[in-house]
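First up is the structure itself, then whatever we jot down about it.
Throughout, protein chains are lettered first and strands after them, A, B, ... in sequence-line order, and every chain is numbered starting at 1.
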There are 2 protein chains.
Amino acid sequence: MSAATGLLIGEFIRTVDRRYRLAIPPELCELLLATGSRLVIAKERSGCLSLWPAAIWQPRIDGAIEIMGSKLQAGLFAQRVGQLQELGRLLSTRHKIVSLKARSRLVVPEGFREFLGVQPDTELVVVGAAVCVELWQPAAWNACISSEMPEFRRRIDALTA
Amino acid sequence: MSAATGLLIGEFIRTVDRRYRLAIPPELCELLLATGSRLVIAKERSGCLSLWPAAIWQPRIDGAIEIMGSKLQAGLFAQRVGQLQELGRLLSTRHKIVSLKARSRLVVPEGFREFLGVQPDTELVVVGAAVCVELWQPAAWNACISSEMPEFRRRIDALTA
DNA sequence: ATAGAATTGGGCTTATATCCCACAAAAAAA
DNA sequence: TTTTTTTGTGGGATATAAGCCCAATTCTAT
């Protein structure tokens with residue numbers, strides 16, 4: 001279905017097990033891994049994580065990192081070191097490279113669990129967002145939906161009821 | 001992986017020993033020691049300490065000392081001496097040369113513990129900040145990222161421009 | 001209804017962080 | 001000085017988590 005368009009589309013409910021493992025639906029999985037097995041998990045707004053093919057995400061940071069490296073070598077220390085430090089700190093916490101394990105399961109890494117606000121043995125909403133896959137805490141997802149797309153509210157309620 | 005970039009990147013949770021020892025994650029450790037085993041631990045904002053390769057930190061000290069020297073020569077003794085004294089005092093307590101012990105463990109020195117606000121047998125967040133490694137008290141870390149994260153995109157643009 | 005696939009739970013193995021104890025060195029007290 | 005106490009340091013042992021593979025239940029589609 002979505003494979004035809006080349007866009008990640010669809011909404012699924014999955015449970016996170018005691019070990020913070022989560023099965024990514026095959027439809028999404030296929031497209032996610034189309035460009036390679038390396039993925040990037042990133043913190044978006046709190047209550048939501050996003051999963052990107054590394055090929056798509058990486059250029060966003062590689063550019064920054066490359067420039068950071070060259071600035072370092074150029075010796076612009078005094079003024080730039082502080083900025084590099086700040087940026088590096090944010091890069092560290094914002095994303096992480098991961099890969100899917102057996103049965104195309106993702107383990108939500110330490111440090112991302114609290115941000116997502118997920119407890120073991122609870123449900124998550126897995127949403128295709130065209131270029132990436134998003135993992136939502138149900139409450140946050142509902143809030144997002146009802147604020148951005150009120151007309152879909154009824155459908156979701158009908159589905160989950 | 002991050003070693004390829006030559007930048008210290010990554011976020012980890014570690015616990016401090018009863019004797020204020022802390023194991024630095026291997027990924028960070030390797031890069032941190034790349035230019036030598038001498039490290040500098042420094043007080044940044046309260047709730048956070050940073051660990052620098054001495055080779056990178058040293059120019060900062062030299063710069064400050066140079067400024068002190070030139071101000072002294074500039075003559076205005078009476079007024080400046082007080083400020084210089086204060087600056088020198090800050091330089092003294094601000095940083096300390098340390099080295100990693102067995103199993104790449106760092107001992108948080110006396111005088112830095114209160115500043116970091118760490119108790120024995122508690123958790124810290126260890127963060128790669130491109131040019132150094134930072135040790136954060138969890139509460140302070142959360143406050144930091146939630147205040148700086150929204151500006152993240154702007155900062156990248158600023159640096160890459 | 002049956003077959004196939006998908007989801008999820010669980011066991012086992014391996015790696016590693018951390019707890020705990022032993023020793024060494026330094027400081028304090030006698 | 002000698003003794004006692006405190007603090008730093010190293011290394012073994014244990015617990016906890018990660019990774020890997022298989023089993024069982026659920027779901028879908030023929």
Identify the pairs formed between an N or O of the protein and an N or O of nucleotides 17-25 of chain D at a distance under 3.5 Å, and give each distance.
residue: D:dG19; atom: O6; partner: A:Arg19; partner atom: NH1; Å: 3.1

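Within the nucleic acid shown, A:Ser104 has no heavy atom closer than 4.0 Å to any nucleic acid atom.
Atom pair A:Leu124:CG and C:dT7:P shows a separation of 14 Å (rounding to whole Å applied). Spacing between atom CG of A:Asp121 and atom C1' of C:dT7 amounts to 14 Å, rounded to whole angstrom units. Atom OH of B:Tyr20 and atom C1' of D:dG8 are 14 Å apart (whole Å). When rounded to the nearest whole Å, the span between CD of B:Glu123 and C1' of D:dT16 equals 13 Å. Atom P of nucleotide D:dG8 and atom CG of B:Leu106 are separated by 12 Å, given to the nearest angstrom. Taking atom CD1 of residue B:Ile13 and atom C1' of nucleotide C:dT18, one finds them 15 Å apart after rounding to whole Å. Taking atom CG of B:Leu22 as the reference point, atom C1' of D:dG8 lies 16 Å away to the nearest angstrom. Whole-Å rounding puts the A:Glu27 CD to C:dT7 C1' distance at 12 Å.
In terms of the side-chain contact (heavy atoms from CB on, under 4.5 Å) criterion, residue partners of A:Leu51 (sequence neighbours excluded) are, by chain and number, A:Ile24, A:Leu32, A:Leu39, A:Ile41, A:Val98, A:Leu106, A:Val133.
Under a hydrophobic-cluster definition in which Ile, Leu, Val, Met, Phe, Trp and Tyr are linked whenever side-chain heavy atoms come within less than 4.5 Å, directly or via other members, B:Val131 and B:Ile97 are assigned to the same cluster.
Atom CZ of A:Arg113 sits in a crowded spot, with more than 12 heavy atoms from other residues, nucleotides or ligands closer than 6.0 Å.
A donor atom on one side chain and an acceptor atom on the other are not found under 3.5 Å apart for B:Glu134 and B:Ser50.
Residue B:Arg18 has no polar side-chain atom (N or O) positioned under 4.0 Å from OP1 or OP2 of C:dT18.
Membership of an apolar cluster is not assigned to A:Val107, as no side-chain contact below 4.5 Å to another ILVMFWY residue is traced.
Cation-pi contact between A:Lys43 and A:Phe112: present, with separation from the ring centre below 6.0 Å and deviation from the ring axis of at most 45°.
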